[in-house]
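Okay, structure first, notes after.
Order of appearance sets the numbers: ligands from 1, and atoms from 1 within every ligand.
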Amino acid sequence: MEKKKVLSCIQPTGDIHYGNYFGAVKNWVDLQEQYDCIYGVVDYHAMTAPYNPIKLRQNTWELIFNLLAIGVKTENLFIQSLIPEHTELCWIFNCFTSYGQLQRMTQFKDKSSDTGKGEDGFISAGLLDYPVLQAADILVYRADFVPVGKDQEQHLELSRNIASRFNQQVGKDYFVLPETLFTETPKIRSTADPLRKMSKSAGEKHYISLFSEEARIRKQVKSAVTDTGETKAGEMSEGVDNLFTLLKASGKIDVHTSLMADFNAGALKYVDLKEAVGAALVDLSQQFAERKLAIMADKKNVKNQIKASSAEIRKRAQETLKEVKDLAGLINVKY
Ligand code: TRP
């Protein structure tokens, strides 16, 4: 039987932290065993808010190198702007998308609100159209499953609406309606403030980068907040819970079990827990760093490989576009 198709994409916004890794990217790596996976770095999406062109290109390659170092396979990885069919399908989809529905999208409302928009108040039409391009990313490969977090559920719903409307108007069940693939992934909190999630937007001390120096990782874990004030005796604070979550997610099950037994006996020393988490993350980061070093030593070649894999993946997108143009009443070069 043919494997089901999985597609997901990530915006090129600099480095990857342990929240992204355990919450999403590790899952991408694991899914490659079971599914036909395609993963994209979506640089067109990164243009929807004011940006710096030099940084955008740098971030795109940096993210590609990082994803490869973490274990995403070269042949599964593409760069969005190397596959023009995404934007071509986006235009066609624009004509099958309700303008009102786009205006009602939560992400658009947040980012175009007084607090969300930048200093000069500029809101691009690209920001409004963002989810239509996302629908094109997914449907151009006729993906069955899209592994994303809960925050993307509304965008997935819109993708299904667009697919249904297209199918209805052309009188054929052409597009598969893509489903969200919710995998149980641990939610990682900021070690500096365990009441909020680990994220880049909160500032440097709130996230632990996968590619940080060993000393920095250890220091960040060592200074993790364990007591948030509100916990009763015997209950676990968010901070301690977060450290246990990191330990388990890192695969150190034995250490996790033994320290948890200490906790339950009321005998846990936070230094021991922090020591264990620090060691676990440093272990992982060292593996990633080693692979990244090898990739960086062969940068030019790796870039060429990604261009080649994008060209290969593009063939699938071209097939879809040819069929879509036929169905939509547009002109194809060849029949
Ligand atoms: N909007 C997604 C995010 O911010 C990124 C994205 C763009 C995406 N295109 C996609 C995710 C297609 C899944 C499928 O995380």
May I have a table of the N/O to N/O pairs between ligand 1 and the protein that fall below 3.5 Å, each row giving the two atom names and the distance to 0.1 Å?
| residue | atom | partner | partner atom | Å |
| --- | --- | --- | --- | --- |
| ligand 1 | 1 (N) | Tyr130 | OH | 2.7 |
| ligand 1 | 1 (N) | Gln134 | OE1 | 3.0 |
| ligand 1 | 1 (N) | Gln152 | OE1 | 3.1 |
| ligand 1 | 4 (O) | Tyr130 | OH | 3.2 |
| ligand 1 | 9 (N) | Asp137 | OD2 | 2.7 |

All N/O donor-acceptor pairs, side-chain side in residues 293-307, below 3.5 Å, sequence neighbours left out:
| residue | atom | partner | partner atom | Å |
| --- | --- | --- | --- | --- |
| Asp298 | OD2 | Asn301 | ND2 | 3.1 |

Can you tell whether the side chains of Arg314 and Glu319 come within less than 4.0 Å, N to carboxylate O?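 Result for this pair is no, no salt bridge flagged.
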
Closest contact, heavy atoms only, His206 versus Ser190: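 Taking every non-hydrogen atom into account, ND1-OG, 2.8 Å.
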
Considering all heavy atoms of both residues, which atom of Val132 and which atom of Leu158 are nearest to each other, and what is their separation?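 Heavy-atom minimum between the residues: N-CD2, 4.4 Å.
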
Between Leu181, Asn161, Val146, Leu177, which is the residue that forms a side chain to side chain contact (heavy atoms under 4.5 Å, CB included) with Leu156?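 Testing each of Leu181, Asn161, Val146, Leu177 against Leu156, the sole residue satisfying side chain to side chain contact (heavy atoms under 4.5 Å, CB included) is Val146.
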
Below 30° counts as parallel, above 60° as perpendicular, anything between as tilted: where do the rings of Phe145 and Tyr35 land?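 Aromatic pair Phe145/Tyr35 classed perpendicular.
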
